[in-house]
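Reminder, nothing fancy here: chain letters follow the sequence lines and each chain counts from 1.
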2 protein chains.
Amino acid sequence: MKDVAQRAGVAVSSVSRVLSGNPDVSPVMRNRVMDAVAALGYEKDLIAQGMRSGATSSVGFMAVDIANPIIAAASAGAIRELRNNGYSLLISSSDGSTELDADYIRSFQLRRVEGLLLSVADEEDVRTLDALEQFTAALVFMDRAFPRNIKASAVVYDHRSGMAAAVDHLLDLGHRKLALINGAPRVRPARERANAVRQAIRRVKEATVVVRGGSYSASHGYDACKTLMGSASPPTAIIVGGNQILQGVMAALVELGLKVPDDVSLVTLDNVPLAEFISPSLACVTRDPVNMGTLGAELVLELINGGTPRTVELPTTFVRGESCAAPRG
Amino acid sequence: MKDVAQRAGVAVSSVSRVLSGNPDVSPVMRNRVMDAVAALGYEKDLIAQGMRSGATSSVGFMAVDIANPIIAAASAGAIRELRNNGYSLLISSSDGSTELDADYIRSFQLRRVEGLLLSVADEEDVRTLDALEQFTAALVFMDRAFPRNIKASAVVYDHRSGMAAAVDHLLDLGHRKLALINGAPRVRPARERANAVRQAIRRVKEATVVVRGGSYSASHGYDACKTLMGSASPPTAIIVGGNQILQGVMAALVELGLKVPDDVSLVTLDNVPLAEFISPSLACVTRDPVNMGTLGAELVLELINGGTPRTVELPTTFVRGESCAAPRG
DNA sequence: GTCCCTTCTGGAATCGTTTCGATTCAGACT
DNA sequence: AGTCTGAATCGAAACGATTCCAGAAGGGAC
């Protein structure tokens with residue numbers, strides 16, 4: 001910029017005014033500066049701008065696992081929305097480690113992001129909560145609960161309605177012994193699903209449900225499924241709380257020689273792309289993950305521009321499939 | 001930092017020295033400064049540091065579609081590796097738009113990233129190439145070819161060996177009319193696959209292959225499959241060049257009432273998580289996408305630290321499946 | 001006591017912008 | 001001619017850190 005000023009024979013402040021579209025510049029000045037800019041191939045330095053203005057035009061995105069298709073889709077939505085508003089996205093992936101979660105929050109803070117979209121690995125982790133309390137920029141939780149003292153917006157799914165519809169369907173088919181193989185109970189979605197299922201089942205007096213919490217992993221699905229199906233009175237229907245878990249469940253069912261839906265009915269989560277070609281087709285509770293990212297980005301921009309925190313709820317839908325049938329006998 | 005200096009009764013330069021681990025500080029000075037830092041809750045400003053030193057400790061990641069599971073997995077690998085070296089990752093997703101590609105490259109440049117990992121949407125696009133020539137930081141291409149005049153490292157897949165093995169298998173089963181429903185020919189992987197298939201088929205004189213290029217989309221797969229199978233002499237085996245394309249192909253086959261492998265054999269790409277539960281099991285050419293991200297990150301760090309550009313090749317493997325059988329008759 | 005050397009510390013310049021107050025100058029008015 | 005106004009421009013300070021240079025102590029050796 002100094003070079004540009006020198007070449008144009010003007011002061012750096014004038015160059016800055018021209019480049020920032022300040023109206024107090026004469027046409028002749030504008031031309032001289034623009035010529036010099038073109039001649040020297042000058043490019044502004046966003047770092048220096050950010051340093052001066054305090055606005056880095058960047059937002060952080062904290063995911064448990066960016067390779068998870070649901071989260072990847074959400075990030076794609078956020079990237080799009082933020083790009084349209086001149087913001088860049090810094091992404092992290094904690095791989096489920098709560099220490100990394102806390103570290104990342106601090107790291108984003110040091111980088112002076114203007115906002116943070118996050119799905120923490122554990123809502124109750126002290127280190128994470130500490131880091132969040134220190135955090136000063138805009139905060140938007142994605143499908144997570146957070147303590148009152150933290151001022152933040154949130155975008156959450158209405159897991160209850162989708163789950164309730166699934167349970168209703170199973171009850172209507174005649175199932176009375178259900179099981180939910182759930183994810184980590186320390187995050188909102190798993191809690192909501194468990195609560196929804198427990199509540200929906202009350203409609204039929206003699207119906208019962210077993211909830212098996214664990215991690216969002218194939219191994220948890222595998223173990224839980226084997227245990228459940230090997231018990232004295234196994235469930236006639238299983239609701240699977242995550243696409244990773246599903247893999248383990250499917251593997252376990254194959255090993256046990258159990259057929260879906262003949263031996264056990266199955267409801268799963270988040271229709272993954274090729275699932276429609278699995279036979280029998282899988283009944284599932286779906287949602288629009290891209291939307292979560294888009295909305296999250298909108299909320300964070302709102303906060304950055306001085307808006308007040310608010311929570312937005314997105315729907316989930318139950319989709320029937322051949323994997324659900326009346327129980328035997 | 002000024003506040004810290006004032007509270008400790010020392011100069012800012014001394015505070016900086018203490019905090020940056022400069023050996024020229026007395027223990028008493030160190031203690032006074034550290035006390036003041038703790039008392040004031042001081043946190044360094046990475047923006048200001050970056051401005052002064054020119055090192056932003058950030059790297060860009062440019063994907064065609066971050067929601068694609070392969071790319072998402074690669075980004076997860078890159079994030080992990082970069083995090084371990086103190087770098088943050090800025091992610092973009094161009095949704096296949098070449099203009100956005102060029103814009104993003106410039107945007108990363110303005111943000112002074114120290115390196116860029118990228119998969120461009122079109123290797124030959126002029127605007128993209130222009131932007132790349134202007135780009136001054138470290139450059140690592142992910143499974144893309146690039147012109148000689150651009151100094152960059154690259155991590156590429158050996159698509160040929162996996163594809164050749166697939167073709168060999170089909171030829172051995174007796175197939176003589178193959179088809180490859182391919183992605184966009186303006187990027188390396190699609191070109192490599194097409195070339196590999198054309199070359200491998202020569203082993204058997206009377207064998208032929210039709211290559212149908214297009215986009216990496218379900219609709220392309222659907223259209224191409226319908227056209228191919230509706231032709232006078234349809235192929236007896238189809239190789240599908242992408243997981244999005246596969247969806248369209250599967251849908252088309254269902255509509256046409258064609259059974260795999262009875263009516264047509266199928267080889268696909270990039271075993272997606274639940275594919276193993278699709279019946280018949282899908283033969284596919286697989287690779288390790290996380291590795292691409294990890295290696296890409298290593299290469300970019302190498303360049304940042306003054307290393308010379310180099311290209312690393314990763315293997316692909318053909319995995320047999322029930323979707324391949326001898327052709328009818 | 002002087003000189004030199006080492007060790008530590010302070011002050012100032014610097015990175016690339018933006019912005020504020022000051023300055024210049026042309027033209028209008030008295 | 002003198003004063004005033006407003007537009008256009010300039011110079012300098014500031015953002016928050018790092019780093020170089022100079023200088024101040026302190027310790028030994030003579």
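For residues 20-30 of chain A, proximity to DNA chain C is found at no residue, defined as any non-hydrogen atom under 4.0 angstrom from a strand atom.
Partners of B:Q6 under the side-chain contact (heavy atoms from CB on, under 4.5 Å) rule, at least two apart in sequence or in another chain, do not exist in this structure. For B:Y157, the ring-ring contact (aromatic ring centres under 6.0 Å, His included) partners two or more places apart in sequence, or in a different chain, are B:H159.
When the nucleotides C:dC15, D:dA17, D:dC15 are ranked by their closest atom to the side chain of A:M51, D:dC15 comes out on top. You'll find that the side chain of A:V10 is closest to D:dC10, out of D:dC10, D:dG16, C:dG10.
Distance, B:K2 NZ to D:dA13 P: 13 Å, rounded to whole Å. One can place CG of B:L110 at 14 Å from C1' of C:dT17, the figure rounded to the nearest angstrom. Look at CZ on A:R112: it is 7 Å from P on D:dA17, rounded to the nearest Å. For the pair B:L46 CG and D:dG16 C1', the interatomic distance rounds to 11 Å; values are reported in whole Å. Whole-Å rounding puts the B:D3 CG to D:dA14 P distance at 14 Å. The interatomic distance linking B:M1 (CE) with C:dG11 (C1') rounds to 14 Å, in whole Å. The nearest whole Å value for the distance from the CG atom in A:N31 to the P atom in D:dA8 is 14 Å. Between the CG atom of B:L19 and the C1' atom of D:dT19 there is a distance of 15 Å, rounded to whole Å.
Applying the side chain to side chain contact (heavy atoms under 4.5 Å, CB included) test between A:V59 and each of A:L90, A:I79, A:I304 identifies A:I304 as the sole match.
The salt bridge (Lys or Arg N to Asp or Glu O under 4.0 Å) pairs that include a residue from residues 72-95 of chain A are A:R80-B:D95, A:R83-B:D95, A:D95-B:R80, A:D95-B:R83, where partners are two or more places apart or lie in different chains. Evaluation of the salt bridge (Lys or Arg N to Asp or Glu O under 4.0 Å) test over residues 22-34 of chain A, restricted to residues two or more places apart or in two chains, returns none. Residues in residues 293-308 of chain B take part in these side chain to side chain donor-acceptor pair (under 3.5 Å) pairs, two or more places apart or across chains: B:E302-B:R310. Judged as a salt bridge (Lys or Arg N to Asp or Glu O under 4.0 Å), the pairs with a partner in residues 128-148 of chain B (not counting sequence neighbours) are, in order, B:D143-B:R188, B:D143-B:R287. For residues 35-44 of chain A, no pair satisfies salt bridge (Lys or Arg N to Asp or Glu O under 4.0 Å), with sequence neighbours left out.
The phosphate of C:dG10 (OP1 or OP2) has a side-chain N or O of B:S14 nearer than 4.0 angstrom.
Looking at B:E114 and B:S58, their side chains never bring a donor and an acceptor atom within 3.5 Å of each other.
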Using the 3.5 Å cut-off, write out each protein N or O paired with an N or O of nucleotides 20-22 of chain D and the distance between them.
none

